[in-house]
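Note that the structure is a prediction, hence the values are computed from the model and not measured.
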Amino acid sequence: MKRLLLISTVLFCCVLLIVPATMAKAVKIRFTHVVSENTPKGWAANEFAARVNAALKGSYEVVVFPNSQLYDDNQAIEALSAGFVEMAAPSSAKFVGSVPALQLFDMPFLFPSIKTVHAVIDGEIGDEIRNMFVERKLGIKLMTFWDNAFKQFSSNVRPLLKRADFKGVKFRIMSSDVLEAQMSALGGVGLKLPFAEVYNALEQGVVDGQENTASNIYTKKFHEVQKYMTFSNHGYLGYAVIINQKFWDELPAEVQNTITKILTEVTALERQKAIELDQEQGQLIREYAEKSGKLKIFDLTPEQTTELQEAMKPVHDKFANVVPTKWIEKIKAME
């Protein structure tokens with residue numbers, strides 16, 4: 001009887017030791033972003049979460065918060081640095097205060113193709129940018145970049161086909177000094193507003209127009225509160241995928257390796273998804289314009305593109321002390 005009691009006691013103690021380990025809650029990795037799930041970034045965040053959660057089998061769980069549910073992009077950078085969230089993917093323009101050289105990606109008509117963008121991100125310039133995050137000791141680790149696509153102009157004032165058309169038009173822009181200078185070079189006015197406020201600002205006439213990619217325009221219905229849209233492909237929009245440095249440093253090496261591997265795989269898929277969604281949602285905007293009669297669509301001719309390119313060239317020179325000239329020259333040599 002005593003022997004049986006001893007065995008039972010030992011088994012009970014073993015259960016007490018095992019249960020907490022098996023019932024332990026997964027470590028949350030909160031991932032905040034501002035766009036809809038049916039966008040390149042929204043899709044990639046969900047795909048990344050699904051793959052990490054499956055691979056780490058309950059020990060870690062990525063929880064995605066889209067549509068500015070937690071923070072806008074500027075707030076997300078501050079929250080991540082402070083440790084209130086673990087991951088975010090703000091647009092590169094949002095680092096104007098901390099890593100101003102990232103305004104490289106805001107330079108108008110600098111990148112002739114998405115392949116050029118990838119060559120920059122995956123090459124020496126991309127490595128230099130990653131080192132900037134380390135050198136500045138921001139408490140932020142730059143993991144990778146995700147694409148959206150090239151941006152298009154829209155307006156409620158008039159069609160935007162030549163420089164004179166931009167005169168006096170108020171545009172919502174991201175918080176980038178380069179984009180502010182871009183609009184000024186065209187004769188327009190750039191107003192910095194959070195992404196979550198754009199639809200209401202357009203609807204209420206706080207701004208006359210905006211610049212964004214087809215996926216962001218379509219999923220947020222900006223095209224439904226605009227009269228004119230020009231497919232201009234004048235600037236790239238991409239996102240910096242970041243993680244809190246302290247959180248990352250404290251992860252076990254095998255977890256770091258798993259997350260890095262999955263992020264590399266998802267980034268490759270995201271690039272293709274971005275192209276697909278840009279084409280698909282750009283076509284949906286065109287179909288809306290044709291069916292509703294409320295939106296007029298324009299495509300720049302080569303001559304019109306050249307005129308706008310010439311108008312915006314001074315922006316490249318103006319920010320030579322912010323965005324290294326050697327970067328600009330190297331990218332132009334890739335054309």
**Donor-acceptor pair between Gln152 and Asn212 side chains, under 3.5 angstrom** = no
**Fill in**
When every non-hydrogen atom of Ile77 is compared with those of Ile140, the smallest separation belongs to CG2-CD1, 3.9 Å
**Asked** Is the distance between the ring centroids of Phe133 and Phe95 under 6.0 Å?
**Response** yes
**Asked** Do you reckon Trp43 sits in the same ILVMFWY cluster as Leu263, going by side-chain contacts under 4.5 Å, direct or chained?
**Response** no
**Complete:** So side-chain hydrogen bond (donor to acceptor under 3.5 Å, both in side chains) across residues 157-166, not counting sequence neighbours, yields Lys162-Asp165
**Message:** Asp299: which residues meet the side chain to side chain donor-acceptor pair (under 3.5 Å) condition with it, sequence neighbours left out?
**Reply:** Arg286
**Asked** Is there a donor-acceptor contact under 3.5 Å from the side chain of Asp73 to the main chain of Ser91?
**Response** yes
**Prompt:** Would Ile125 end up clustered with Val96 when hydrophobic side chains under 4.5 Å apart are linked, directly or stepwise?
**Reply:** no
**Asked** Has the side chain of Glu197 got a donor or acceptor atom that lies under 3.5 Å from a matching backbone atom of Pro194?
**Response** no
**Message:** Quick check: is Ile262 connected to Leu269 through a chain of hydrophobic side chains (ILVMFWY, heavy atoms under 4.5 Å apart)?
**Reply:** no
**Request:** Compare every heavy atom of His316 with every heavy atom of Pro108, then report the nearest pair and how far apart it is.
**Result:** O-NE2, 2.9 Å
**Request:** Following the transitive rule for hydrophobic clusters with a side-chain heavy-atom cut-off under 4.5 Å over Ile, Leu, Val, Met, Phe, Trp and Tyr, establish whether Val134 and Leu80 coincide in one cluster.
**Result:** no
**Message:** I'd like to know if the side chain of Gln103 and the backbone of Asp177 have a donor-acceptor N/O pair within less than 3.5 Å.
**Reply:** yes
**Asked** Under 30°, 30 to 60°, or over 60°: which ring-plane class applies to Phe111 and Phe105, parallel, tilted or perpendicular?
**Response** parallel
**Prompt:** So, for Ser92 and Asp106, which heavy atoms are closest and what is the spacing to 0.1 Å?
**Reply:** OG-OD1, 4.4 Å
**Asked** Is the number of heavy atoms from other residues, nucleotides or ligands within 6.0 Å of NZ (Lys318) greater than 12?
**Response** no
**Request:** Grab the two heavy atoms, one from Met183 and one from Ile173, that are nearest each other, plus how far apart they are.
**Result:** CG-CG2, 3.8 Å
**Prompt:** Hey, does the side chain of Thr230 reach the backbone of Ser232 with a donor-acceptor pair shorter than 3.5 angstrom?
**Reply:** no
**Item:** His223 NE2 to Leu202 CG distance, which is reported to the nearest 0.5 Å
**Value:** 12.0 Å
**Asked** Can Lys246 and Asp249 be counted as an ion pair, charged N to O under 4.0 angstrom?
**Response** no
**Message:** So does Leu138 get a backbone contact from the side chain of Ser81, meaning a donor-acceptor N/O pair under 3.5 Å?
**Reply:** yes
**Fill in**
Sequence neighbours excluded, the answer for salt bridge (charged side-chain N to carboxylate O under 4.0 Å, His left out) partners of Lys313 is Glu310
**Prompt:** Going by an N to O cut-off under 4.0 Å, is there a salt bridge joining Lys330 and Glu124?
**Reply:** yes
**Request:** Would you check if the side chain of Arg30 reaches a backbone N or O of Phe84 as a donor-acceptor pair within less than 3.5 Å?
**Result:** yes
**Item:** Under 3.5 Å side-chain donor-acceptor pair for Thr213 and Asp278
**Value:** no
**Item:** Donor-acceptor under 3.5 Å (Glu287 side chain, Gly282 main chain)
**Value:** no
**Asked** Which atoms form the tightest heavy-atom contact between Ala89 and Lys41, and what is the distance?
**Response** O-NZ, 2.7 Å
**Message:** In this structure, would Leu277 and Val35 fall into the same cluster of hydrophobic residues linked by side-chain contacts under 4.5 Å?
**Reply:** no
**Prompt:** Do Lys170 and Asn156 have side-chain N/O donor and acceptor atoms under 3.5 Å apart?
**Reply:** no
**Request:** Fit a plane to each ring of Phe48 and Trp146, take the angle between them on a 0 to 90° scale, and name the class: parallel (under 30°), tilted (30 to 60°) or perpendicular (over 60°).
**Result:** perpendicular
**Asked** Has the side chain of Ser36 got a donor or acceptor atom that lies under 3.5 Å from a matching backbone atom of Asn38?
**Response** no
**Prompt:** Just checking, any donor-acceptor pair under 3.5 angstrom between side chains of Ser113 and Thr116?
**Reply:** yes
**Request:** Would you check if the side chain of Asn53 reaches a backbone N or O of Val62 as a donor-acceptor pair within less than 3.5 Å?
**Result:** yes
**Fill in**
On a heavy-atom basis, the closest approach of Arg130 and Met143 is NE-O, 4.4 Å
**Prompt:** Under the 3.5 angstrom rule, does the side chain of Glu270 hit a backbone N or O of Ala44 as a donor-acceptor pair?
**Reply:** no
**Prompt:** Hey, what do you get for CG (Leu308) to CG (Leu300), rounding to the nearest 0.5 Å?
**Reply:** 6.0 Å
